[in-house]
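Input: a single structure, listed below in structure tokens.
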There are 2 protein chains.
Amino acid sequence: MAALGLLAQRPGSGYDLLKLFENSMANVWPATQSQLYSELNKLADGGLIEVCDIGPRGRKVYRITTAGRAELRRWMADPDEDPPFRSASLLRVFLLGQIPARQARQHLKETVEQSHAEIARLSELRDKVGLTDSAQADDDAFFALAALDYGLRLNAMQAEWAHDVLARMEGRRK
Amino acid sequence: MAALGLLAQRPGSGYDLLKLFENSMANVWPATQSQLYSELNKLADGGLIEVCDIGPRGRKVYRITTAGRAELRRWMADPDEDPPFRSASLLRVFLLGQIPARQARQHLKETVEQSHAEIARLSELRDKVGLTDSAQADDDAFFALAALDYGLRLNAMQAEWAHDVLARMEGRRK
DNA sequence: ACGAGCATGTAACCTGTTACATGATTCA
DNA sequence: TGAATCATGTAACAGGTTACATGCTCGT
């Protein structure tokens, strides 16, 4: 479905999409090369995309079809079929009582640091993208920046939360 | 791995764990009945857990072993092997430029409402758990509440973010 | 005695991952 | 001409889902 969405923005080959997945998309929806090519074949079989050009080296340029656009709109509107939400990091929090308190504190401190590092990484990315693309005019760039903003806020929240839990742990010590 | 963690807190049968997954655990790490039982057999084969009692109806009560505790500590300390982070909702944001602006605004408004609904649900859950369990004394309850707090903050952040994106969309309109 | 709930398991299927495999083109 | 990169594909496996299947036991 991610592939269909990207093809809605502009036509491209499997290889093109792969690059997109490695760059901007990787933070949101990672996909492997293998996965991508079989997905493209499946979408083409279903008539949601079609080959619009064949270049050198057997390069197949795909384009979204009318049926594909309809399917994309349908998917956007209905979050029911989403894969269930599983967070390994939240599971760890649940089980933090099972390891020595010293290690638990260490774990939370690392969470704080990792969130800050992630914020630095995303900020840099935002500055790069935000300046080259004219997010004022381009819808796709506007929403890509909104997604990036989400990531920034998420990590800020996470750092603050881990910090607060640490403080509460200190408060509990006798 | 989630099953191993729960057995570290207290011994129990597959059926017992299933109830835990349906209740408190469901928000963090959903698992199906089928999955759970085969997982338990695999853990037992690997020597990470063992049957410590057999009750009526073939009820097998499992208990974590020393090897299991070691494995759990190892897993807690190393987040490298986590499944990749995939968020269908963030992907939707990325693709929001592909649907009519009216629908995009509608989508964001629904995000705000759903976050608020989720906050209400989690608040209720927190009040129930926070009063019965003495989170002051019990480590497990303390960290379960911390995980719940994470969920609350996440949804608050999400509502605020969606609200702000909406405002920025309005600002862009000519 | 019978229904609700306890308790476990199997089979078919789908998705995603890693590793393997192949060949074409460009450019230095 | 040889290396880098373009470009696609297959096979084996791991993890999760749904649906199917079976039997025991407790309380009324």
Original post:
Quick one: are B:Met25 and A:Phe94 in side-chain contact, heavy atoms under 4.5 Å?
Top reply: yes
Original post:
Using a cut-off of less than 4.0 Å, is there contact between a side-chain N or O of B:Lys42 and OP1 or OP2 of D:dA14?
Top reply: no
**OP:** Using heavy atoms to find the nearest nucleotide of DNA chain C for A:Gly58 and B:Gly58 separately, return the residue whose nucleotide is more 5′.
**Re:** B:Gly58
**OP:** Among D:dA7, D:dC6, D:dT18, find the nucleotide with the atom closest to the side chain of A:Tyr37.
**Re:** D:dA7
Subject >> Position toward the 5' end of DNA chain C (nearest nucleotide), A:Trp29 or B:Arg59 >> reply: B:Arg59
**OP:** Quickly work out the A:Tyr62 OH to D:dA7 C1' distance and round it to whole Å.
**Re:** 11 Å
Original post:
First contact, last contact: which nucleotides of DNA chain C are these for chain B, 5' to 3', heavy-atom distance under 4.0 Å?
Top reply: C:dG5 to C:dT17
Subject >> Distance in angstrom units between A:Asp53 CG and D:dC6 P, rounded >> reply: 18 Å
**OP:** Please report, rounded to the nearest Å, how far the P atom of D:dT17 is from the CG atom of B:Leu18.
**Re:** 12 Å
Original post:
Is it true that atom CD of B:Glu124 has more than 12 heavy atoms of other residues, nucleotides or ligands lying nearer than 6.0 Å?
Top reply: no
Subject >> Donor + acceptor pair across side chains of B:Arg121, B:Asn27 (<3.5 Å) >> reply: yes
**OP:** Rounded to the nearest angstrom, tell me the gap between atom CD in A:Gln35 and atom P in D:dA12.
**Re:** 18 Å
Subject >> Flag for B:Thr32-B:Ser34: side-chain donor and acceptor within less than 3.5 Å >> reply: no
Original post:
Roughly, in whole Å, what's the span from CZ in B:Arg57 to C1' in D:dG27?
Top reply: 11 Å
Original post:
How close or far is atom C1' of D:dC6 from atom CG of A:Leu36, stated in whole angstroms?
Top reply: 14 Å
Subject >> salt_bridge(A:Arg92, B:Asp78) N-O dist < 4.0 Å >> reply: no
Original post:
Got A:Leu108 and A:Leu96 here, is their nearest side-chain heavy-atom distance under 4.5 Å?
Top reply: yes
Original post:
What nucleotide, of D:dT17, D:dT8, D:dT18, holds the atom closest to the side chain of B:Ser34?
Top reply: D:dT18
Subject >> Separation of atom CG in A:Leu40 from atom C1' in D:dA7, rounded to whole Å >> reply: 12 Å
Subject >> Atom-to-atom span, OH of A:Tyr15 to C1' of D:dC6 - whole angstrom >> reply: 5 Å
**OP:** Of all the heavy-atom pairs spanning B:Met157 and A:Tyr150, show the shortest one and how long it is.
**Re:** CE-CZ, 3.9 Å
